[in-house]
A.B. asks: 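I'd like to ask some things about the structure below.
Note that ligands are numbered from 1 as they come in the structure, with each ligand's atoms numbered from 1 the same way.
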Amino acid sequence: MKGLCVATYRSYDDKADFHKKALSIAVGLTVGSWTELPEAQKASMEKHLGVVLDVKVHEPADVLPGERFADIRIAYPDINFSRDLPALLVTVFGKLSMDGKIKLLDLDVSEDFASAFPGPKFGLQGVRELLGVHDRPLLMSIFKSVVGHDLANLQDQFYKQALGGVDLIKDDEILFENPLTPLEKRVEACMDAARRAEAETGQKLLYAVNLTGPTSQLAANARKAIQAGANALLFNVLAYGYDVLHELSSDKTINVPIAAHPAMAGAMYPSPHYGISASLLLGKLMRLAGADLVLFPSPYGSVVMPKEENLAVRDALLAPLHGLRTSFPVPSAGIHPGLVPLILKDFGTDVVVNAGGGIHGHSMGTAAGGQAFRQAITATLNGISLRDAASETGNEALQAAIQAWGIRE
Ligand code: 1AE
């Protein structure tokens with residue numbers, strides 16, 4: 001909407017007049033008070049006033065106590081806030097987020113607001129181009145057991161992951177700056193392992209090193225990592241804030257893809273009554289802020305997000321959004337090869353299959369863990385059931401994975 005950002009809320013209240021409530025939000029989050037203003041002032045303040053667009057009350061006869069709700073849409077004039085996400089979020093859901101049972105479901109920003117956001121620098125297609133892989137889902141592996149391990153151990157782990165045919169390897173999000181595996185040394189060691197593995201497999205690989213430290217040092221740390229050879233970054237966006245991601249992704253010298261980790265998201269999206277919807281939190285806002293890949297819990301594995309919400313995140317990352325590049329969806333946590341048919345059914349080929357334990361925990365070793373996933377992906381793309389594929393010669397890694405974790409189709 002021209003000059004307006006539109007917020008959609010779900011407000012719960014057993015007795016409220018939701019129309020009155022919507023009006024009090026629209027006024028309270030913009031001009032503060034309206035009825036008390038003198039007529040002369042009303043004229044000059046009107047352009048700042050929030051506007052209630054829609055109030056849809058959900059009121060079935062058998063509604064349970066505490067579950068009566070309304071979906072409310074309010075338009076906020078762009079002139080009230082600067083062109084940055086903190087200003088927008090504080091306007092539409094700052095104080096309001098603490099005012100009873102209310103959840104922010106969606107935000108439609110104006111063309112003018114969106115023009116301040118270049119979005120993902122590489123996006124889904126750009127990541128595919130860097131890897132030279134266009135016809136299949138990508139496979140990402142996660143470093144595991146990282147705290148207290150030294151460089152030699154990490155390099156060995158990296159090499160084994162790379163030999164398994166993965167396209168990306170990401171640091172564990174809990175690996176911070178530490179004396180055993182400091183950032184630049186870690187990048188050098190891992191990229192050396194990547195080159196050795198590429199010489200054997202012929203496959204390119206992106207290593208998303210965890211970008212950590214105080215906010216004021218992040219850009220410098222990113223440049224150091226890139227200088228040392230890093231070709232991707234992992235970033236715990238919600239612990240720092242979207243604006244930090246926006247700054248990093250808009251920086252021309254940080255010319256590698258950024259993968260957004262969802263750490264802390266569980267404090268914000270799972271409640272039906274409070275917080276921010278998963279599709280906005282991990283979808284639209286991550287993409288606006290410039291994430292090239294976005295990790296989020298899948299509906300299939302160990303940290304579960306309901307399927308409907310999961311597909312809404314997917315859509316927010318892939319649907320047209322002010323001409324921004326799309327971001328790669330990375331449904332994660334507890335993923336093993338037996339889940340590949342489900343993942344591909346829900347996400348198609350534009351998805352990154354991502355696993356830690358499902359690769360490192362393979363009974364034939366880490367490299368076989370990656371191979372099992374690649375075999376599962378190939379079989380699924382060719383319309384072959386995992387059970388049939390597992391019995392084929394050459395697919396022993398897949399067979400062992402299925403024996404350990406089973407199949408969900
Ligand atoms: C939702 C984030 C998943 C993640 O970061 C992670 O480390 C998953 O590990 P696994 O695959 O569950 O072992």
Side-chain angles (χ1 to χ4, degrees), residues 137-147 149 154 157-158 160-161 164 166-176 190 206-212 232-240 245 257-270 278-279 281-283 286 291-307 309-314 316-317 327-340 342-343 346-347 351-363 365-374 376-377 401 404-406 408:
L138 300 182
L139 176 61
M140 174 147 78
S141 168
I142 309 164
F143 263 112
K144 286 288 161 183
S145 308
V146 287
V147 177
H149 288 264
L154 243 53
Q157 227 194 96
F158 190 101
K160 286 177 181 151
Q161 293 174 84
V166 302
D167 303 290
L168 303 103
I169 297 178
K170 81 161 188 72
D171 269 346
D172 207 349
E173 72 282 1
I174 56 166
L175 184 57
F176 306 102
C190 289
L206 292 175
Y207 168 40
V209 65
N210 199 16
L211 180 62
T212 68
L233 298 168
L234 176 73
F235 189 51
N236 288 308
V237 177
L238 298 174
Y240 286 94
L245 173 61
I258 302 177
H261 195 278
M264 310 291 297
M268 292 177 242
Y269 76 78
S279 61
L281 188 77
L282 296 168
M286 289 290 190
D292 297 286
L293 307 104
V294 181
L295 282 74
F296 51 92
S298 77
Y300 332 102
S302 55
V303 184
V304 175
M305 179 193 285
K307 181 148 161 195
E309 279 177 82
N310 224 251
L311 299 185
V313 176
R314 174 200 67 188
L317 296 174
S327 311
F328 240 125
V330 191
S332 307
I335 303 297
H336 59 75
L339 296 172
V340 165
L342 272 184
I343 299 173
D346 289 338
F347 286 84
V351 66
V352 179
V353 177
N354 180 31
I359 286 186
H360 300 281
H362 194 283
S363 59
T366 298
Q371 286 155 9
F373 271 103
R374 288 293 303 272
I377 290 171
W405 296 303
R408 273 178 47 201

A.B. asks: What do the steps show when you test His362 against Gln371 for side-chain contact (heavy atoms from CB on, under 4.5 Å), and what is the final call?
C.D. replies: CA-CA 10 Å; His362 194 283; Gln371 286 155 9; over 6 Å; no
A.B. asks: Between Phe296 and Phe347, how do the two ring planes meet: parallel, tilted or perpendicular, split at 30° and 60°?
C.D. replies: tilted
A.B. asks: Answer side chain, backbone, both or neither: which part of Lys170 comes under 4.0 Å from ligand 1, heavy atoms only.
C.D. replies: side chain
A.B. asks: If you take the nearest heavy atom of each of His261, Lys144, Met140, which one is closest to atom 5 (O) of ligand 1?
C.D. replies: His261
A.B. asks: Would you give the length of the straight line joining atom CH2 of Trp405 to atom CD1 of Ile335, rounded to the nearest 0.5 angstrom?
C.D. replies: 12.0 Å
A.B. asks: To the closest 0.5 Å, what do you measure between NE2 (His149) and CD (Gln157)?
C.D. replies: 7.5 Å
A.B. asks: Which option out of Ser298, Gly334, Ser141 puts a heavy atom nearest to atom 12 (O) of ligand 1?
C.D. replies: Gly334
A.B. asks: Just jot down the ligand 1 atoms closer than 4.0 angstrom to any heavy atom of Gly356, in number order.
C.D. replies: 10 (P), 11 (O), 13 (O)
A.B. asks: Under 4.0 Å from a heavy atom of Gly357: give me the atoms of ligand 1 that qualify, with their elements.
C.D. replies: 10 (P), 11 (O), 13 (O)
A.B. asks: How far does OG of Ser279 sit from CE of Met305, to the nearest 0.5 angstrom?
C.D. replies: 9.0 Å
A.B. asks: Looking only at non-hydrogen atoms, find the nearest pair between Glu309 and Ala278 and report the distance.
C.D. replies: OE1-CB, 3.7 Å
A.B. asks: Considering only non-hydrogen protein atoms, determine which one is nearest to atom 3 (C) of ligand 1 and report residue, atom name and distance to 0.1 Å.
C.D. replies: Ser332 CB, 3.7 Å
A.B. asks: Relative to the heavy atoms of Ala355, which atoms of ligand 1 are at a distance of less than 4.0 Å?
C.D. replies: 11 (O)
A.B. asks: Which atoms of ligand 1 have any heavy atom of Ile142 under 4.0 Å away?
C.D. replies: 6 (C), 7 (O), 8 (C), 9 (O), 11 (O)
